[in-house]
Amino acid sequence: MDITHKWRFFRSGGFDQVRLETGADIKFLRTLDPKLWAALSCPTGNLEFDSKTLEFIDTDGDGHIRVPEIIAAVEWAASVLKNPEDLAQGSEALQLSAIDDSTPEGAALLASAKQILLNIGKKDEIAITVEDTADLNKIFASTKFNGDGVIPATAASDAETQIVIEDMMKCIGSVQDRSGLPGISAEQIEQFFTEAKAYSAWWQDAERDAANVLPLGESTEAAKTAFDAVKTKIDDYFTRCKLAEFDQKASDPLNPSLLNYEALTNTNLSSTTEQLAALPIAKIEAKKPLPLNEGINPAWSDAINALKKQVIQPLLANKEHLSADEWQILCNKFAAHQAWLDVKQGVAVETLGIKRIRSILAGSYQDKVSALLQKD
């Protein structure tokens with residue numbers, strides 16, 4: 001025990017215990033023989049003490065506070081104050097003038113305290129309280145850069161970069177910034193631009209073989225959607241017609257029976273009625289082409305009209321009927337496009353569309369957003 005500091009004791013429960021009454025008592029705590037400590041360890045839970053402070057003291061995060069951690073905490077506190085006696089005052093507020101800014105750590109502490117007060121609208125206050133530091137969202141709400149490795153869209157000073165960050169969050173998701181706003185991290189920036197580059201490269205594959213992969217140019221995707229909506233039903237139709245050609249006796253069984261229609265008599269029918277959609281798309285007959293204007297199952301009339309407008313007219317011109325051979329031509333037209341779709345890359349960013357993706361890549365926004373993160 002250091003003879004330069006005199007300790008005072010009191011007796012309680014049959015034991016002599018040290019009095020911690022002055023700043024010097026706290027400052028010299030390291031010199032106190034551990035045998036004189038009332039306890040050498042205590043849990044961080046279920047104590048009538050600020051849990052956040054206990055968390056800071058428990059530097060190894062094991063849920064217990066031990067003598068070395070207490071000593072480290074009090075020595076740090078004493079080192080950033082001009083007068084250690086302030087530790088023994090029990091004040092609810094720390095005067096800014098009490099902070100020793102002659103050391104780098106003390107200067108950083110004072111700057112942080114002033115910044116917190118500024119951020120919460122108390123820039124003229126001369127003291128800071130625990131309550132002032134409690135609400136991180138409030139503290140960082142008006143701060144662009146707060147050191148948490150997350151940047152919200154508002155971190156960018158220009159509207160274009162802000163929109164890019166918002167687009168990134170729509171595609172990849174977001175994490176919460178200390179300000180309480182949604183933002184993106186380094187991992188999300190890397191993921192977005194990896195996906196964006198893959199999506200652009202995938203589109204380049206199609207553009208190199210546009211005649212086959214994109215038979216209708218920019219309209220191919222919409223046309224493929226209209227095609228896919230009826231493909232199974234039209235395949236079913238022509239297969240039934242071939243069966244009727246194979247055996248004439250098959251025609252009647254392949255068409256809806258009277259019982260099928262009787263089952264619908266007590267139903268409020270519409271073009272969305274499920275039982276109606278299950279019936280063949282048109283009457284089955286041997287070698288019969290698919291009618292495109294009349295004789296179509298009402299449940300499929302809208303889909304056939306979309307097929308006519310977006311697929312048949314651009315590729316085969318106006319038609320009133322579609323033969324099995326013509327249907328096969330259309331199927332072949334979309335085969336390469338389907339093969340391209342089967343190896344799609346960059347799905348996470350697809351909702352932005354290739355034009356927007358390429359605009360983002362051409363604008364060097366990966367460097368711009370990464371620079372913001374580095375600044376944070």
Side-chain angles (χ1 to χ4, degrees), residues 1-136 138-140 147:
M1 186 164 59
D2 193 330
I3 61 174
T4 62
H5 182 70
K6 294 183 178 181
W7 300 93
R8 297 182 64 212
F9 294 84
F10 68 98
R11 193 163 186 82
S12 177
F15 295 95
D16 291 330
Q17 298 187 29
V18 173
R19 291 182 181 274
L20 297 179
E21 301 173 314
T22 68
D25 290 336
I26 297 173
K27 183 177 180 180
F28 285 95
L29 194 57
R30 177 182 291 276
T31 67
L32 181 65
D33 192 324
K35 292 191 295 293
L36 297 177
W37 285 61
L40 299 179
S41 172
C42 75
T44 57
N46 299 316
L47 297 180
E48 291 186 13
F49 198 80
D50 178 61
S51 60
K52 195 66 178 178
T53 302
L54 292 171
E55 181 183 326
F56 283 130
I57 297 174
D58 181 21
T59 54
D60 60 6
D62 68 350
H64 280 77
I65 294 175
R66 295 176 172 82
V67 171
E69 292 171 319
I70 290 290
I71 291 173
V74 298
E75 287 183 346
W76 175 84
S79 73
V80 294
L81 294 176
K82 294 176 181 177
N83 185 0
E85 291 298 327
D86 290 336
L87 291 173
Q89 297 301 314
S91 174
E92 294 183 357
L94 172 64
Q95 299 295 315
L96 299 185
S97 60
I99 299 174
D100 182 5
D101 60 352
S102 65
T103 66
E105 192 158 16
L109 181 66
L110 179 59
S112 296
K114 289 181 177 179
Q115 186 67 54
I116 288 172
L117 292 172
L118 174 64
N119 288 0
I120 62 175
K122 295 183 176 182
K123 67 176 182 177
D124 295 326
E125 289 289 332
I126 61 174
I128 189 168
T129 67
V130 172
E131 289 72 21
D132 292 332
T133 68
D135 190 344
L136 289 180
K138 184 177 180 181
I139 291 171
F140 291 113

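- Taken from OG in S97 to NZ in K82, the straight-line distance is 6.0 Å, to the nearest 0.5 Å.
- No side-chain heavy atom of T103 sits under 4.5 Å from any side-chain heavy atom of S79.
- One distance of note links CD1 of I128 with CD1 of I99; it measures 7.5 Å at 0.5 Å rounding.
- F9 has its side chain out of reach of R11: every pair of non-hydrogen atoms, C-beta onward, lies at least 4.5 Å apart.
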Does the pair W7 and T31 meet the rule for a side chain to side chain contact (heavy atoms under 4.5 Å, CB included), with working shown?
-> CA-CA 10 Å; W7 300 93; T31 67; 3.6 Å; yes
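- Side chain of E85 to main chain of G23: a donor-acceptor pair is present (N/O by atom type, distance under 3.5 Å, no hydrogens or angles).
- Across T129, D86, L81, a single residue satisfies side-chain contact (heavy atoms from CB on, under 4.5 Å) together with L94, and that is L81.
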Under the side chain to side chain contact (heavy atoms under 4.5 Å, CB included) rule, what do V130 and E92 come out as? Steps first, then yes or no, please.
-> CA-CA 8 Å; V130 172; E92 294 183 357; over 6 Å; no
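- Note that the NZ atom of K6 and the OG1 atom of T22 stand 13.5 Å from one another [nearest 0.5 Å].
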Check: residues 108-116 side-chain donor-acceptor pairs under 3.5 Å, at least two apart:
{"from": "S112", "atom 1": "OG", "to": "A108", "atom 2": "O", "distance (Å)": "2.9"}
{"from": "Q115", "atom 1": "NE2", "to": "N119", "atom 2": "OD1", "distance (Å)": "2.9"}

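- For E55, the side chain to side chain contact (heavy atoms under 4.5 Å, CB included) criterion is met by K52, not counting sequence neighbours.
- Atom CG of N83 sits about 13.0 Å away from atom CD of Q95, to the nearest 0.5 Å.
- Here the CZ atom belonging to F28 is positioned 13.5 Å from the CD1 atom belonging to I71, to the nearest 0.5 angstrom.
- Residues satisfying the side chain to side chain contact (heavy atoms under 4.5 Å, CB included) test with E69, not counting sequence neighbours, are I57, D58, T59, D60, I65, R66.
- To the nearest 0.5 angstrom, L32 atom CG is 12.5 Å from I26 atom CD1.
- Shown here for D100 and S102, the closest heavy-atom pair between the two residues is OD1-OG, 2.6 Å.
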Residue pair L29, L20: steps toward the side chain to side chain contact (heavy atoms under 4.5 Å, CB included) verdict | CA-CA 9 Å; L29 194 57; L20 297 179; 4.1 Å; yes
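- Atom CZ of F10 has more than 12 heavy atoms from other residues, nucleotides or ligands within 6.0 Å.
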Evaluate the side chain to side chain contact (heavy atoms under 4.5 Å, CB included) criterion for residues L117 and L96: first the C-alpha distance (whole Å), next the side-chain angles of each, then the deciding distance (0.1 Å), finally the verdict.
-> CA-CA 11 Å; L117 292 172; L96 299 185; 3.9 Å; yes
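- Nearest heavy-atom pair, D132 versus A127, reported as atom, atom and distance to 0.1 Å: OD2-O, 4.3 Å.
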